[in-house]
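First comes the structure, then the notes that go with it.
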Amino acid sequence: MESLTVPYIKGDGVGPEVTSSMMRVIDAAVEKAYGGPRHIDWLEVPAGGSAFEKYGSYMPDATVDAFRKYGLGIKGPLMTPVGGGIRSLNVYLRQTLDLYVCLRPVRWFKGVESPVKHPENVDMVVFRENTEDIYAGIEWEAGTPEAEKFYGFLRDAMGVTKVRFPETSAFGVKPVSREGTERLVRAACRYALDHNRPSVTLVHKGNIMKFTEGGFKKWGYELAQREFGDAIASGKLVIKDCICDAFLQNALLKPEDYSVIATLNLNGDYVSDMLAAQVGGIGISPGANINYDSGLAIFEATHGTAPDIAGKDVVNPCSNLLSGVMLLEHIGWNEAAGLIYDALERSFAEGCATADLARLMPNGKAMGTREFTNHLIGLL
Ligand code: NAD
């Protein structure tokens with residue numbers, strides 16, 4: 001018996017509904033694919049609102065320790081605590097565990113309505129840097145002594161004269177390092193080679209932010225040449241770059257030109273959501289946060305807690321389910337993952353989906369979360 005322990009965070013709001021759906025479909029697919037010898041032992045670990053009520057902490061240390069111990073995990077959406085302490089539980093997990101890649105695969109499922117004519121041409125995997133950039137959280141509010149002090153440093157010590165309205169400016173700092181860039185681009189190149197993907201595109205705004213985003217481009221190319229030179233020389237891997245605004249246009253006009261995308265934190269945030277919308281799948285797009293050096297990976301639904309529909313049996317469980325499928329692929333249980341992709345494809349092709357997707361399908365049949373989950377299990 002090959003069993004694997006997977007710690008999971010149920011999540012807040014719609015979290016318990018999507019988590020239960022995900023676990024039922026995955027258990028059924030694993031059973032169907034391997035008929036017994038493989039099995040997942042789900043280990044619930046506390047986080048979010050319910051953890052705060054019970055343990056007085058939104059993210060107990062024991063939860064973080066469990067992810068470290070088992071080397072992987074999956075989480076439903078978590079509410080963002082209001083008032084002091086942790087800014088965002090997701091950011092806290094990413095930083096504490098140094099999960100430096102936010103991985104977002106984007107593909108289209110036949111039957112899902114899309115705003116573009118050929119969503120089938122969108123098949124990309126985004127590697128978004130997770131720990132640096134303007135997202136590092138180093139900023140000061142306008143009008144505070146800290147903002148004034150920071151401006152004073154810029155003006156007096158650095159000779160900066162370009163701040164247009166210094167009295168009323170807020171300030172943020174954008175750290176981008178060679179190490180941070182290299183580990184991200186290395187992971188993207190390895191992924192491309194392991195998954196027979198033809199290219200890695202470095203997406204940046206180096207034309208304007210020459211040292212930060214320009215550094216990302218320069219260090220990215222250098223790393224690729226140094227560590228993947230043979231694959232590049234043999235034509236197995238193409239490294240290219242694109243300025244982010246041009247990329248956003250090109251990804252709409254000729255998405256087939258792109259495969260693996262490596263980009264900085266802020267660009268990656270915009271790029272991932274735009275691409276997901278392009279395949280009609282913002283509500284069904286999965287994600288993972290991964291440290292490719294330690295191997296630690298936490299898979300997650302990319303939507304929030306959707307408090308407006310929590311407990312109503314209408315939430316679309318696919319984002320969390322597909323993040324579970326990414327987990328299966330991560331551990332090499334590809335047969336079970338394949339069964340779930342097939343079941344989703346067949347379900348969408350016959351118009352069977354939760355209301356958010358079904359109402360946009362010409363042949364749509366809206367199902368509740370539980371009914372849809374049962375339907376998928378029946379299609380495995
Ligand atoms: P949200 O994603 O929860 O909801 C936005 C809208 O989309 C709502 O109308 C909701 O009903 C709908 N929606 C979202 N997911 C859906 C699904 N799977 N099926 C059907 N409809 C769905 O975003 P929000 O309202 O801005 O945030 C609510 C809370 O979630 C906040 O506390 C926010 O900080 C948190 N949040 C958490 C995560 C995360 O844990 N990864 C991500 C985003 C937001």
Side-chain angles (χ1 to χ4, degrees), residues 8-22 25 45-52 58-59 63-64 67 73-97 99 102-104 109 112-113 126 128 130 135 137 265 268-270 272-273 276-277 279-290 297-327 344 347-348 352-361 364 366-373 376:
Y8 72 96
I9 291 172
K10 217 186 259 177
D12 297 314
V14 294
E17 292 166 85
V18 295
T19 298
S20 149
S21 169
M22 177 273 297
V25 176
V45 289
S50 54
F52 188 76
Y58 286 103
M59 188 63 72
T63 293
V64 178
F67 288 133
I74 186 163
K75 60 172 278 295
L78 292 170
M79 45 90 78
T80 301
V82 185
I86 298 177
R87 244 191 189 195
S88 149
L89 297 173
N90 298 312
V91 173
Y92 176 79
L93 264 185
R94 287 172 197 167
Q95 289 180 345
T96 308
L97 297 171
L99 304 173
C102 178
L103 183 68
R104 295 273 295 265
F109 285 94
V112 173
E113 270 304 295
V126 180
R128 165 186 168 192
N130 239 349
Y135 267 40
N265 210 337
D269 199 2
Y270 300 153
S272 314
D273 276 11
V279 291
I282 193 118
I284 64 168
S285 62
N289 296 296
I290 304 180
I298 300 183
F299 299 83
E300 63 174 0
T302 54
H303 57 77
T305 58
D308 51 330
I309 55 169
K312 295 185 179 161
D313 192 37
V314 295
V315 65
N316 184 345
C318 289
S319 175
N320 206 40
L321 173 57
L322 285 166
S323 62
V325 173
M326 287 174 74
L327 185 151
L344 282 169
S347 185
F348 293 148
C352 293
T354 44
D356 55 314
L357 295 182
R359 72 189 161 82
L360 303 170
M361 297 171 168
M367 292 177 158
T369 311
R370 277 194 292 266
E371 186 188 3
F372 176 64
T373 305
L376 283 181

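Both ligands and their constituent atoms are indexed starting at 1 by order of listing. The structure displayed is predicted, hence computed values, not measured ones. Values below: every heavy atom of this structure, side chains too, minus hydrogens, waters and symmetry copies.
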Any protein heavy-atom neighbour for atom 42 (C) of ligand 1 (distance below 4.0 angstrom)? yes

Taking atom 29 (C) of ligand 1 as the reference point, the nearest protein heavy atom with its distance: T305 OG1, 3.1 Å

What is the nearest protein non-hydrogen atom to atom 39 (C) of ligand 1, stated with its residue, atom name and distance? N90 ND2, 3.1 Å

Mind checking the OG-CG spacing from S323 to L103? Nearest 0.5 Å is all I need. 11.5 Å

Pairwise distance OG1(T354) to CD1(I309) - rounded to 0.5 angstrom: 8.5 Å

To the nearest 0.1 Å, how far is atom 17 (C) of ligand 1 from its closest protein heavy atom, and which atom is that? V315 CG2, 3.6 Å

Only heavy atoms of M79, strictly under 4.0 Å: list the atoms of ligand 1 that pass. 32 (O)

Are K75 and L93 side-chain neighbours, meaning at least one heavy-atom pair lies under 4.5 Å? yes

Could you tell me if the side chain of L344 sits less than 4.5 Å from the side chain of V325, heavy atoms only? no

For P77, the ligand 1 atoms with a heavy-atom partner under 4.0 Å come out as 40 (O)

Sub-4.0 Å atoms of ligand 1 with respect to non-hydrogen atoms of K75: 40 (O), 41 (N)

Between D273 and R104, is any pair of side-chain heavy atoms under 4.5 Å apart? yes

In the protein, which heavy atom is nearest to atom 13 (N) of ligand 1, and how far is it? A306 CB, 4.0 Å

Looking only at protein heavy atoms, which one is nearest to atom 25 (O) of ligand 1, and how far off is it? P307 CD, 4.5 Å

What distance separates D356 CG from I284 CD1, expressed to the nearest 0.5 Å? 8.5 Å

So F348 and F372, would you call those rings parallel, tilted or perpendicular, with 30° and 60° as cut-offs? parallel

Tell me, which protein residue and heavy-atom name are nearest atom 34 (O) of ligand 1, and how many Å apart are they? T80 OG1, 2.4 Å

G11 to L78 - nearest heavy-atom pair and separation: CA-CD2, 3.9 Å

Side chains of L376 and S21: does their closest heavy-atom pair fall under 4.5 Å? no

Closest protein heavy atom to atom 36 (N) of ligand 1, given as residue, atom name and distance to 0.1 Å: G304 CA, 3.5 Å

Student check: side-chain heavy atoms of Y135 and R94 closer than 4.5 Å: no

With atom 11 (O) of ligand 1 as the reference point, say which of V14, L78, D308 has the nearest heavy atom. D308

Is the contact between V314 and ligand 1 made by the side chain, the backbone, both, or neither, using heavy atoms and a 4.0 Å cut-off? neither

Quick one: nearest non-hydrogen protein atom to atom 21 (N) of ligand 1, plus distance? I309 CD1, 3.5 Å

When you measure from atom 27 (O) of ligand 1 to the protein, is at least one non-hydrogen atom found at a distance under 4.0 Å? no

Provide the number and element of each atom of ligand 1 under 4.0 Å from a heavy atom of N316. 17 (C), 18 (N), 19 (N), 20 (C)

